[in-house]
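Letters go in sequence order (proteins before strands), and every chain restarts at 1.
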Number of protein chains: 2
Amino acid sequence: MILGLIRLGARTGYDIKQTIEVTTRFFWNASYGQIYPELRRLEGAGLVESRPDPGSSRKRTLYDLTPAGEKTLHEWLTGPGDLFDMRDEALLKLFFGDLLAPDEVLANLRRRRESFEEVLGLFRAIEARGPEAQHGYVYPKKTLDFGTELVQWMIDWYAQAERDLAGG
Amino acid sequence: MILGLIRLGARTGYDIKQTIEVTTRFFWNASYGQIYPELRRLEGAGLVESRPDPGSSRKRTLYDLTPAGEKTLHEWLTGPGDLFDMRDEALLKLFFGDLLAPDEVLANLRRRRESFEEVLGLFRAIEARGPEAQHGYVYPKKTLDFGTELVQWMIDWYAQAERDLAGG
DNA sequence: CCTAGCATGTAATACGTTACATGATTCA
DNA sequence: TGAATCATGTAACGTATTACATGCTAGG
């Protein structure tokens, strides 16, 4: 991920984290505690090169991919092994719904739906930044669309489950 | 989760793990390395009680909830704070699609779709066990339905993305 | 001048998996 | 009798978060 973000134009560790916050964090997150040590590790492995920023008044370290870094990035992007996992505590609580009264289950369903509605608002806000934030790249928008549609699907599913429970 | 599974009828650490494997593992997993130490911790906290199995030829430890355990379980089930997170490496690769040739992106989309189709087959196999495996509980089936429909949605999304890419 | 944001990092902690180790029992 | 499965556990390792620490600078 870090190699890719540098390749797309993120220059510093801080910059990488800022980008993650409005893009991949919903399906692939990373903290400063990972990013900075990892940048050093990548440099040690010869995949990135660092240099102090010449044009800036701030002291910050700029990173670029080396040819080896480009190669590693491309190999990962075309390689096998696509990890997928999710943890969903609301679904786990739903699994135990038989241990609750119907109104308690209903409250849980509603709470989860509302939290997804907030996420949807967040996605719409990011979307509203428009295409100029994308620097000509089209796939970040595609993954954002995935997120928007997925969250919308979740909202619909929970709304339907609420109706099922209330109705009969 | 462990309190809930004991409550639903899982008696031993092994039993808990077996149940997880065919139910919650897709949205909430746990390994033996977590389960056995956690059972001891729960007993130390007075939330569960253990006793050797009297009616079995095997040496195994049976667990039951204490009243304090029931209370803690109910408080968790009705309480706030529903963690949700997912890691999706295929989506991350899609995010970097601008760095790939169209046929490489297409191969990634197809691979992910196919892996979801396998998961769908797994879910259908679990579903085929029928209602007698549910011991009269209805919500485990409801979460399985969620999984089936979600995976189906994912398959459709990826199939559509493949068409978008191939067509225009 | 002062606050928000830029910028980099470490240490402690928590979380979770994997591999290993052991042994009994059921059933073909 | 031998393989699969029941059954319990630990140690090492890897991953990730959180809290903390530091200091600069741009802009109101």
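Phosphate proximity of C/dT8 to A/T12: present, with a side-chain N or O under 4.0 Å from OP1 or OP2. When the side-chain nitrogen and oxygen atoms of B/S57 are compared with OP1 and OP2 of C/dA24, none of them lie within a distance under 4.0 Å. Proximity of B/R87 to the phosphate of D/dA16: a side-chain N or O atom is located under 4.0 Å from OP1 or OP2. Phosphate proximity of D/dT15 to A/Q34: absent, as no side-chain N or O sits under 4.0 Å from OP1 or OP2.
Using a 4.0 Å heavy-atom distance criterion, A/S31 is classed as a base contact. When heavy atoms are screened at a 4.0 angstrom cut-off, B/R58 is found touching base atoms of the nucleic acid.
Of the candidates C/dT26, D/dC6, C/dG9, C/dG9 carries the atom nearest the A/Y63 side chain, counting heavy atoms from C-beta on. When each of D/dG9, C/dC6, D/dA26 is scored by its nearest atom to the side-chain atoms of A/Y14, the top-ranked nucleotide is C/dC6. Between D/dT17, D/dT8, C/dC6, one nucleotide has an atom nearer to the side chain of A/Q18 than all others, and that is C/dC6. Taking every side-chain heavy atom of A/Y32 into account, C/dT8 is the closest of C/dT25, C/dT8, D/dT8. Considering only the side chain of B/N29, C/dT17 comes nearest among D/dT10, C/dT17, C/dA7.
Note: CZ (A/R60) to P (C/dG9) measures 13 Å, nearest angstrom. Following rounding to the nearest Å, A/L62 (CG) and C/dA7 (P) show an atom-to-atom distance of 9 Å. Rounded to whole angstrom, the span from the CD atom of B/E38 across to the C1' atom of D/dT10 amounts to 16 Å. Residue B/D15 contributes atom CG, which lies 11 Å from atom C1' of D/dA7 at whole-angstrom precision. Across the protein-nucleic acid pair, B/D85 atom CG and C/dC15 atom P stand 13 Å apart, rounded to whole Å. Whole-Å rounding puts the B/I2 CD1 to C/dC15 P distance at 13 Å. For the pair A/I35 CD1 and C/dA7 C1', the computed distance is 12 Å after rounding to whole Å. As a whole-Å value, the separation of A/Y36 OH from D/dC20 C1' is 15 Å.
Residues from residues 40-48 of chain B placing a heavy atom under 4.0 Å of any atom in DNA chain C do not occur.
Heavy-atom distances to DNA chain D give each of B/K59 and B/G33 a nearest nucleotide, and the one nearer the 5′ end belongs to B/K59. A residue-by-residue look at A/A30 and B/P37 shows that B/P37 has its nearest nucleotide of DNA chain D further toward the 5' end.
Under the 4.0 Å criterion applied to side-chain N and carboxylate O atoms, A/R41 and A/E38 are assigned as salt-bridge partners. Checked for salt-bridge contact, B/R112 and B/D88 meet the test: a charged N lies under 4.0 Å from a carboxylate O.
If you take CE on B/M154 and CG on A/L150, they are separated by 5.0 Å, rounding to the nearest 0.5 Å. How far CE of A/M1 is from CG of A/L73: 12.0 Å, rounded to the nearest 0.5 Å.
Summarising the geometry of B/N29 relative to B/Q34, their closest heavy-atom pair is O-OE1, 4.3 Å, with the distance given to 0.1 Å.
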Take B/D53 and B/R58 through the salt bridge (Lys or Arg N to Asp or Glu O under 4.0 Å) test and state the conclusion after the steps.
-> CA-CA 8 Å; B/D53 190 344; B/R58 294 175 186 282; over 6 Å; no
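Ring-centre distance between A/F123 and A/F26: below the 6.0 Å cut-off. Separation of the B/F27 and B/F146 ring centroids does not fall under the 6.0 Å cut-off.
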